[in-house]
Amino acid sequence: MLSICSDWAWKIGYGNDQARLIIFDCDGVLIDSEVLSCRCLSEVLAGSGIDLGVDRALDLFLGRSTAAVLQHYAGSGQLIAEKFSTELTAKVREAFLSGLCRSPA
């Protein structure tokens with residue numbers, strides 16, 4: 001299962017047969033991306049009228065897929081904009097390109 005922060009890598013071409021090295025990073029060891037991705041999730045959900053702070057996003061969706069987010073809100077009867085997945089992917093990609101840094105040693 002891919003988390004909401006890693007779905008973007010496959011969509012922009014990092015998941016191809018050319019890979020010569022794969023690094024498995026338990027989030028927070030080399031790079032801590034979950035806070036960034038959950039911040040993006042919170043901002044994109046706000047566009048659908050869902051007020052979800054970063055702390056709550058981490059509690060509910062840490063390590064979960066975009067599909068899990070959609071399923072969660074569908075189950076509670078809250079509608080999410082059709083462009084949600086596209087917006088989230090773009091926002092996470094932008095945040096990763098500009099804001100990812102090494103975790104403190």
Side-chain angles (χ1 to χ4, degrees):
M1 173 172 65
L2 296 173
S3 75
I4 61 173
C5 68
S6 61
D7 290 349
W8 70 274
W10 298 100
K11 291 179 181 174
I12 63 171
Y14 288 119
N16 60 40
D17 293 334
Q18 303 295 324
R20 295 177 50 135
L21 173 70
I22 298 174
I23 298 174
F24 293 93
D25 175 30
C26 296
D27 208 59
V29 175
L30 299 176
I31 296 174
D32 192 5
S33 59
E34 290 290 356
V35 172
L36 277 178
S37 61
C38 284
R39 184 175 299 130
C40 294
L41 175 62
S42 177
E43 292 171 7
V44 173
L45 285 173
S48 292
I50 298 172
D51 183 22
L52 180 74
V54 175
D55 289 337
R56 186 71 176 136
L58 286 163
D59 288 342
L60 289 173
F61 303 115
L62 181 68
R64 311 259 336 260
S65 67
T66 303
V69 175
L70 293 169
Q71 186 176 31
H72 173 84
Y73 286 106
S76 65
Q78 292 178 287
L79 297 177
I80 294 179
E82 286 184 31
K83 57 186 177 180
F84 167 78
S85 294
T86 303
E87 285 184 6
L88 181 59
T89 299
K91 192 161 200 64
V92 168
R93 182 173 188 269
E94 179 183 321
F96 282 11
L97 291 173
S98 67
L100 276 183
C101 55
R102 281 186 5 178
S103 293

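Everything numeric here is computed off the predicted structure, so don't read it as measured data.
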Enumerate the residue pairs fulfilling side chain to side chain donor-acceptor pair (under 3.5 Å) with a member in residues 68-81, sequence neighbours excluded, ordered by first and then second residue.
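Those involving residues 68-81 are Ser76-Gln78.
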Cut-off 3.5 Å, no hydrogens considered: what does the side-chain donor-acceptor table look like for residues 39-46, sequence neighbours left out?
residue, atom, partner, partner atom, Å
Ser42, OG, Leu52, O, 2.2
Glu43, OE1, Lys91, NZ, 3.1

Just to verify, what does Ala81 make a side chain to side chain contact (heavy atoms under 4.5 Å, CB included) with, not counting sequence neighbours?
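Residues passing side chain to side chain contact (heavy atoms under 4.5 Å, CB included) with Ala81: Ser48, Lys83.
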Minimum heavy-atom distance between Ser33 and Phe96, given as atom pair plus value:
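Scanning both residues completely, I find the closest heavy atoms to be CB-CZ, 3.6 Å.
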Counting C-beta onward and ignoring hydrogens, is there a side-chain heavy-atom pair between Ser85 and Leu70 closer than 4.5 Å?
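The answer is yes; the side chains approach within 4.5 Å.
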Count the heavy atoms belonging to other residues, nucleotides or ligands that lie under 6.0 Å from CG of Leu60, then report whether that count exceeds 12.
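For Leu60, atom CG is crowded (more than 12 foreign heavy atoms under 6.0 Å).
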